Peer 1: 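Dropping a structure here in structure tokens format, bear with me for questions.
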Amino acid sequence: MASCTRTVWKGVPASRSLPVRTFAAVKAQKKKADAEKEAKKEKRVIDDKYRHKPFGKTAWKPMDDVYILRYYPRTVHSAAEAIDMLKKFQALDFTALSQPIYIDLKLDMKLEKKKKVDPFVSTVHLPHPFKTEMNKVLVFTEDVNQAKLAQENGAVFAGGAELIQPILDDEISADFYVAVPDILPKLVLLKNKLRKKFPKGKRGSVGVDIPKMLQLFKTGHEYLVEDDCYIRTKIAMLDMPSDHIFSNLQTILVDVCSHRPASSGPFIDRAIMTSQTSEAVWFHGNDVLPKPAEDTED
């Protein structure tokens with residue numbers, strides 16, 4: 001029988017068609033046992049409550065006045081103690097007595113079912129204002145009588161759609177912008193220009209009670225949530241009495257916590273107080289909040 005032979009010329013490779021896959025490979029499914037292990041795996045939390053010293057630290061408190069901070073747990077003071085410490089720092093450092101006091105808050109923005117609190121901007125009326133000048137407020141209204149009422153109550157500008165172009169051209173500006181509900185559809189062009197200052201009902205800058213809105217925003221203090229969960233704002237001046245500083249602090253913290261349901265737990269994760277020239281002092285922010293009245297049995 002004649003044998004079957006195959007001839008391949010030198011330098012010419014044999015042609016071969018390779019299969020081409022036009023679809024994605026199916027992702028390999030994890031085993032059921034591995035999936036259950038990952039679900040049950042939780043981060044280990046070390047409870048230092050009944051330990052003779054904190055985990056990874058030298059002791060609960062240092063025995064000397066001079067010590068290395070990283071070897072001991074951070075000292076967290078009460079708000080009243082933090083205010084007194086800032087006043088002592090000023091006397092020891094010979095710095096200016098009239099300097100601002102700031103707070104830095106870190107918030108727990110988590111809610112139930114993987115939801116979060118949206119970053120917000122709020123304006124509060126402090127019981128002891130520290131600003132020397134009033135805020136400039138512009139009122140949007142097409143009613144002549146309302147515009148006249150706004151100017152009588154301290155508005156720097158009051159008018160309707162004729163104010164849109166001067167604002168876009170930076171000819172006029174204000175610290176706050178308030179409006180009546182009827183004119184909002186005509187102010188859409190100002191959204192990109194004003195951004196967070198654009199009138200909104202949640203901020204209290206949209207309404208029909210113009211004198212009330214002007215009273216709030218002329219002397220009000222504005223703060224906002226930055227970087228998803230941080231609030232950094234001024235609360236008072238260092239030369240103010242301690243009880244006035246505490247009252248301003250309490251007013252701001254109460255307003256901050258009003259943006260999250262109390263049933264979700266503490267809203268303030270971390271609170272720091274500092275002046276313009278002093279070191280930062282950590283304090284218990286949740287202790288400043290007024291405690292709910294206990295129900296008394298009849």
Side-chain angles (χ1 to χ4, degrees), residues 105 107-113 115-127 129 131 134-168 172-234 248 250-264 267-268 289:
L105 306 177
L107 307 179
D108 182 8
M109 308 292 280
K110 295 180 182 178
L111 292 173
E112 296 179 355
K113 297 182 180 179
K115 294 182 180 180
K116 290 185 177 181
V117 179
D118 295 328
F120 53 88
V121 182
S122 183
T123 304
V124 295
H125 190 273
L126 297 177
K131 292 183 179 179
M134 288 191 177
N135 301 318
K136 297 179 181 179
V137 186
L138 185 148
V139 180
F140 289 107
T141 178
E142 292 184 330
D143 190 331
V144 178
N145 295 328
Q146 289 181 340
K148 184 179 179 181
L149 180 64
Q151 290 180 342
E152 290 175 354
N153 284 270
V156 291
F157 300 103
E162 68 275 5
L163 297 177
I164 295 178
Q165 194 58 43
I167 293 174
L168 293 174
I172 59 176
S173 63
D175 299 318
F176 296 96
Y177 299 82
V178 300
V180 295
D182 298 338
I183 201 175
L184 283 180
K186 298 181 180 180
L187 304 180
V188 178
L189 295 174
L190 293 176
K191 276 192 173 182
N192 292 334
K193 179 69 176 180
L194 300 182
R195 297 182 180 274
K196 293 181 179 180
K197 292 184 178 181
F198 188 82
K200 292 183 180 179
K202 292 182 178 180
R203 296 180 55 191
S205 54
V206 176
V208 294
D209 193 347
I210 294 177
K212 183 179 179 180
M213 291 190 295
L214 286 171
Q215 183 181 5
L216 171 63
F217 289 103
K218 279 195 308 180
T219 58
H221 176 72
E222 184 185 52
Y223 67 89
L224 71 157
V225 177
E226 302 174 325
D227 301 330
D228 295 330
C229 64
Y230 294 95
I231 293 178
R232 305 175 181 95
T233 185
K234 187 190 299 185
N248 285 356
Q250 188 178 50
T251 301
I252 294 176
L253 295 189
V254 168
D255 187 76
V256 168
C257 293
S258 67
H259 290 83
R260 186 191 185 201
S263 59
S264 300
F267 194 20
I268 302 174
L289 303 175

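This is a predicted model, so every value here is computed, not measured.
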Peer 1: Does atom CD of Glu162 have more than 12 heavy-atom neighbours, drawn from other residues, nucleotides or ligands, at distances under 6.0 Å?
Peer 2: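 Yes.
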
Peer 1: Under 6.0 Å from the NZ atom of Lys131, do we count more than 12 heavy atoms belonging to anything else shown?
Peer 2: yes

Peer 1: To the nearest 0.5 Å, what is the distance between CG (Asp143) and OG1 (Thr141)?
Peer 2: 5.0 Å

Peer 1: Tell me the closest heavy-atom pair linking Ser205 and Tyr177, and the distance in Å.
Peer 2: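 The pair with the smallest heavy-atom distance is CB-O, 3.6 Å.
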
Peer 1: Specify the closest pair of heavy atoms between Leu289 and Cys257, including all atoms of both residues, with the distance to one decimal.
Peer 2: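 Closest heavy-atom pair between Leu289 and Cys257: CD1-SG, 3.5 Å.
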
Peer 1: Answer yes or no: is there a donor N or O on one side and an acceptor on the other, between the side chain of Lys218 and the main chain of Asn153, under 3.5 Å?
Peer 2: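 Flag set: sc Lys218 to bb Asn153 pair under 3.5 Å.
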
Peer 1: About how many Å separate CZ of Arg260 and CG of Asp108, when rounded to the nearest 0.5 Å?
Peer 2: 4.5 Å

Peer 1: Any chance you could lay out the side chain to side chain donor-acceptor pair (under 3.5 Å) test for Thr251 and His221, step after step, and finish with the verdict?
Peer 2: CA-CA 11 Å; Thr251 301; His221 176 72; over 6 Å; no

Peer 1: So how far is it from Met109 CE to Asp228 CG, rounded to the nearest 0.5 Å?
Peer 2: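 That separation rounds to 7.5 Å.
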
Peer 1: According to side-chain hydrogen bond (donor to acceptor under 3.5 Å, both in side chains), who are the partners of Glu226, at least two apart in sequence or on a separate chain?
Peer 2: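 Listed in chain order: Arg232.
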
Peer 1: If the test is side chain to side chain contact (heavy atoms under 4.5 Å, CB included), which one of Val178, Leu184, Ile183 qualifies with Val180?
Peer 2: Ile183

Peer 1: If I take atom NZ from residue Lys110 and atom OG from residue Ser264, how far apart are they, to the nearest 0.5 angstrom?
Peer 2: 12.5 Å

Peer 1: Which atom pair, heavy atoms only, marks the closest approach of Val256 to Leu105?
Peer 2: CG2-CD1, 4.5 Å

Peer 1: Is the closest side-chain heavy-atom distance between Ser173 and Ile167 below 4.5 Å?
Peer 2: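 Ser173 does not reach Ile167 side chain to side chain.
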
Peer 1: For a 4.5 angstrom cut-off between non-hydrogen side-chain atoms, does Phe267 reach Leu107?
Peer 2: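 Yes; the side chains approach each other to less than 4.5 Å.
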
Peer 1: Would you check if Val137 and Asp175 make a side-chain contact, meaning some heavy-atom pair closer than 4.5 Å?
Peer 2: no

Peer 1: Using 0.5 Å steps for rounding, measure from the CG atom of Leu149 to the CG atom of Asn145.
Peer 2: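 Leu149 atom CG to Asn145 atom CG measures 9.0 Å (nearest 0.5 Å).
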
Peer 1: To the nearest 0.5 Å, tell me how far Asp209 CG sits from Leu216 CG.
Peer 2: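 Interatomic distance, Asp209 CG to Leu216 CG, rounded to 0.5 Å: 11.0 Å.
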
Peer 1: Once you measure the plane-to-plane angle for Tyr223 and Phe120, does it fall in the parallel (<30°), tilted (30-60°) or perpendicular (>60°) bin?
Peer 2: perpendicular

Peer 1: For side-chain contact (heavy atoms from CB on, under 4.5 Å), just list the numbers for Ile252 and Leu126, CA-CA rounded to whole Å, side-chain angles, deciding distance to a tenth of an Å, and then say yes or no.
Peer 2: CA-CA 8 Å; Ile252 294 176; Leu126 297 177; 3.8 Å; yes

Peer 1: Of all the heavy-atom pairs spanning Ala150 and Ile210, show the shortest one and how long it is.
Peer 2: CB-CG2, 3.8 Å

Peer 1: Looking only at heavy atoms, which two atoms of Val156 and Leu138 are closest? And how far apart?
Peer 2: CG2-N, 4.4 Å

Peer 1: Would you find more than 12 non-hydrogen atoms of other residues, nucleotides or ligands less than 6.0 Å from Gln215 atom CD?
Peer 2: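 No, CD of Gln215 has 12 or fewer neighbouring heavy atoms, counting only those of other groups under 6.0 Å.
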
Peer 1: List the atom of Phe198, the atom of Leu187, and the distance in Å for their closest heavy-atom pair.
Peer 2: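 In terms of heavy atoms, the two residues are closest at CE1-O, 3.0 Å.
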
